[in-house]
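Before any comments, here is the structure.
Since the structure is predicted, the reported quantities are computational estimates derived from the model, not experimental observations.
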Amino acid sequence: MLNNYAKRVSGKLAYDTKPNRWLDIMTNLLVNHSWGNTMEGGGAVRNMWEMSPLIPVKFPDGRWGTSDYATQLDYNLEGMANPVEELERAVRTRIRTKIFGNLALVFHLADGLDLRTQFGVDYNISSNRNFLPNDLRYISSPNGRANVASGNRFYWQEETYLSYNKAFADHRINATLGMSWSQSNNFNFDTGNVSGFSTNDFSYYNLGAGSTPSAPSSSYSDWAINSYFGRASYTYKDKYMTTLTLRVDGSSRFGKNNKYGFFPSAGLGWTISNEDFLKDVTWLSNLKLHTSYGRTGSTEIAEYRSLSLMASSTTLLNGGRASTTQMNNMPNPDLTWEKTDQFDIGINLGLFDNRLNLDLDFYHKATKDLLLERPIPYETGFASVYYNMGRVDNTGVDILLSGLIVDTGKFSWESTLNMNYNMNEVKKLGENNEDVRVNNYIWHRVGHELGSFNTLQRLGIWSESEREEAIKAGAAPGVKKLSTERQFSGSGIPKYNGSFINKINYGNFDFTLDLQFVTGVETFQTYLGAALDRAGVANGLKLMLTDGWRPDRTNTMVQQIRHTSYAGQSSGDDSYWIADGSYLRGSLIQLGYTFDKSLLQKYGMNNLRLNFSVSNAFLIHSKDFYGYDPEASDSTGKFQQNVFFYQYPRERTFTLGVNFDF
């Protein structure tokens, strides 16, 4: 992308020392500073699709082309900025500094008994500086716009625990007992948008040059977690293993009545290959059965959801504007941990001196007390309240298969297949199993996957012979025909995902091919409302021309090209926006060469390796997906996976590397 770049400098310092036999000291510090310009927050990516090809990037006299030109020709297109001009002239500077470090002290109290205490910090400083010129059409003209925003996030964690590790005769014991504290606080400040710039020369360096400031804003939030934990494991003759873990965790995010949760787990293992009755089976390298059952907790909600928060605004009072405050949400002092009980059983198998290995695990997860926004009557003054409600089950299989397929000394080939199958289903929602809507097209409903797509179904396109029926439905020939009832059409949660990695060595050459795959998933293409169903006001997919309805082309699912100003359009979401989200990605292709040490020693070198790699080398996806990358998502919400709206494409990275030492 034009004028879209990032630069980074970083440094790391690590130091370990043992001042005496009973004390170890370990410390490390990482500092990372990055800066660049980004199209984040801009509409250039969208406008690249929607800008009419009739409009030049620039006219011969140097003027930037915009949709104004088409309007002058009575095309009546939607007003939009020139994407090339926006990328070249808009300033969106992003500066980030990260300081990460920790200090650990280990006291050796007795044989096998250690006390470890460690303290770590993660400090992030961010600054966003934006300036949009006063002559950037459809974005910031005629007044220009600038703002500066900064943020600071400081996270710290302290952990202290005793550990005991002892082996004697046929027995081995490992135990841990400890506690931890962690806290994060966030402060953000934004100057607000300043406009009214008579010149573009000041950029964001002189906000006072703008004649029209807006109100600045700031925010602060923090959260904390306090934990107590214990773990004990016992192994007998390297055959029989058991582990017991107990945790008590408290989070500030939850209500005053339910801060803490109790999370136990237990596991058993049996290494059958170490039994005497298998000692003569030479082709069996490893055979182990294991099973476990335990509970974990989730705090994945924003801060203060259990409390009644205040919001500020203004109102007209006595002929002037006065500040007001009011309740912003319904409190829930009983809000507590989302809990997941998980059972798993698996087998680890190694054959032929571990040249072939299989790890196979079956699991079942039951998540209850889901943290959801529960709909409540509007008479309360609010639409919803955060609540613990419902249950979701996940059942699946994890498979890891690896093998050294060929090994002749000079040539070797090793492959690893890692695959997961997961089935997700909502079992219960509230007392009456009521639907919970995340937005217009993502719903939670019992019997379906969490966060499923729920829309009206596109049944086809109204024909001329159906004109009267179409008018009764509020449509017309050439417009999409929709069902009267909503239906579920898949989910953004994949059923199958994994990777297939191959490593090949031939002499001094090495080659790596890493393939990533996902299937059994749908992608919701929200941008089709603009790029396909809103034809006639902007550029869009060529599908409008090749498949658009005409009186002589009625067997299609694509609407007739209709201009909003004259005939109206139907551009609401429906099932046609849902595509197969499966894909195969070339995550990494790498070729390397390692020079012979006998040659390097002549030049005083111990090692020299050259390598060339391509990340995100290729992507194969469904023909029904028209975007850049089906893995991208328009939202960061945990229930809004695989929602696509002109996302910035994932970058393809070419790397040439040299590794050497003397």
Side-chain angles (χ1 to χ4, degrees), residues 10-32 98-124 153-185 222-252 259-269 271 274 286 288 290 292 294-297 299 606-607 661-662:
S10 61
K12 181 178 181 181
L13 174 65
Y15 178 70
D16 297 344
T17 184
K18 188 177 181 67
N20 51 56
R21 61 179 181 79
W22 52 267
L23 176 64
D24 291 338
I25 302 176
M26 294 153 283
T27 184
N28 69 76
L29 178 67
L30 172 68
V31 179
N32 184 53
K98 181 182 182 70
I99 303 173
F100 176 85
N102 59 64
L103 171 67
L105 305 176
V106 181
F107 300 90
H108 305 292
L109 305 180
D111 184 22
L113 180 63
D114 293 336
L115 173 66
R116 182 185 180 101
T117 182
Q118 56 190 29
F119 180 79
V121 297
D122 186 359
Y123 185 42
N124 293 269
R153 184 180 71 84
F154 182 73
Y155 170 82
W156 64 266
Q157 181 181 42
E158 201 287 329
E159 193 172 54
T160 299
Y161 57 89
L162 278 168
S163 62
Y164 181 71
N165 195 343
K166 190 71 174 178
F168 49 93
D170 295 328
H171 311 275
R172 189 165 68 248
I173 297 175
N174 185 289
T176 302
L177 181 65
M179 61 191 76
S180 70
W181 297 263
S182 60
Q183 183 173 354
S184 176
N185 57 68
D222 64 9
W223 57 265
I225 291 181
N226 175 214
S227 302
Y228 305 90
F229 52 88
R231 180 179 182 272
S233 62
Y234 170 71
T235 302
Y236 178 66
K237 288 188 174 182
D238 289 328
K239 300 178 185 178
Y240 315 110
M241 292 144 280
T242 182
T243 301
L244 176 66
T245 302
L246 303 174
R247 290 188 64 95
V248 176
D249 296 292
S251 172
S252 64
K259 297 287 187 186
Y260 284 87
F262 177 56
F263 307 103
S265 67
L268 297 172
T271 306
N274 287 344
N286 179 47
K288 179 181 178 180
H290 58 85
S292 66
R295 171 175 291 183
T296 56
T299 66
N606 296 322
N607 179 61
D661 63 76
F662 294 92

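- A donor-acceptor contact closer than 3.5 angstrom is absent between the side chains of Tyr240 and Asp238.
- Looking at Leu113 and Leu162, their side chains come closer than 4.5 Å, going by heavy atoms from C-beta outward.
- Taken to the nearest 0.5 Å, the CG atom of Asp222 stands 8.0 Å off from the OG atom of Ser184.
- For the residue pair Asn124 / Tyr155, no side-chain donor-acceptor distance below 3.5 Å is found, with atom types taken as modelled.
- Looking at Tyr236 and His171, their side chains never bring a donor and an acceptor atom within 3.5 Å of each other.
- In this structure a side-chain-to-backbone donor-acceptor pair under 3.5 Å is present from Ser252 to Ala224.
- Shown here for Pro19 and Ile25, the closest heavy-atom pair between the two residues is CG-CD1, 4.1 Å.
- Distance check, rounded to the nearest 0.5 Å: OG of Ser180 to OH of Tyr228 gives 9.0 Å.
- For the pair Arg116 and Asp24, the salt-bridge criterion is not met [side-chain N within less than 4.0 Å of a carboxylate O].
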Should Val121 and Phe154 be marked as a side-chain contact (heavy atoms from CB on, under 4.5 Å) after you check the CA-CA gap, both sets of side-chain angles, and the distance that decides it? CA-CA 7 Å; Val121 297; Phe154 182 73; 3.9 Å; yes
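- Annotation: side chain of Lys18 is in contact with side chain of His108 (closest heavy-atom distance under 4.5 Å).
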In sequence, state the C-alpha distance, the side-chain angles, and the governing distance for Thr271 and Asn286, and then conclude on side-chain contact (heavy atoms from CB on, under 4.5 Å). CA-CA 8 Å; Thr271 306; Asn286 179 47; 4.1 Å; yes
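- Thr296 contributes atom OG1, which lies 7.5 Å from atom CZ of Phe263 (distance to the nearest 0.5 angstrom).
- Contact record, Gly120 with Asn102: CA-CB, 3.8 Å, taken as the closest heavy-atom pair.
- Side-chain contact between Phe262 and Leu246 is present, with at least one heavy-atom pair separated by less than 4.5 Å.
- Environment of CG in Asp111: sparse, with no more than 12 heavy atoms of neighbouring residues, nucleotides or ligands closer than 6.0 Å.
- Atom CD1 in Ile225 sits 11.5 Å away from atom NZ in Lys259 (nearest 0.5 Å).
- Taking 4.5 Å as the limit, some side-chain heavy atom of Asn226 sits within range of a side-chain heavy atom of Tyr260.
- Ser233 and Thr243 share no side-chain donor-acceptor pair at under 3.5 Å.
- Taking both residues in full, the closest heavy atoms of Thr235 and Met241 are given as OG1-CG, 3.4 Å, listed atom of the first, atom of the second, then distance.
- Here Arg247 pairs with Asp249 in a salt bridge; the nearest charged N to carboxylate O distance falls below 4.0 Å.
- Across Asn174 and Arg231, no two heavy atoms sit closer than the pair OD1-NH1, 3.9 Å.
- In this structure, Phe168 places its CZ atom where more than 12 heavy-atom neighbours from other residues, nucleotides or ligands lie under 6.0 Å away.
- Across Thr117 and Phe107, no two heavy atoms sit closer than the pair CG2-CE1, 4.3 Å.
- A 6.0 Å sphere centred on NZ of Lys12 holds no more than 12 heavy atoms belonging to other residues, nucleotides or ligands.
- Atom-to-atom distance recorded for Leu109:CG and Tyr164:OH is 12.5 Å, nearest 0.5 angstrom.
- Once rounded to the nearest 0.5 Å, the distance linking CG of Asn28 with CG of Leu103 reads 9.5 Å.
- Checked by atom type, the side-chain pair Glu159/Ser227 shows no donor-acceptor distance below 3.5 Å.
- The two residues Thr176 and Ser163 make their nearest non-hydrogen contact at OG1-CB, 4.2 Å.
- Within the 4.5 Å cutoff, no side-chain heavy atoms of Trp156 are placed close to those of Tyr123.
- Considering only heavy atoms from C-beta on, Val106 stays 4.5 Å or farther from Leu115 through its side chain.
- Side-chain contact between Phe119 and Gln157 is absent, with no heavy-atom pair separated by less than 4.5 Å.
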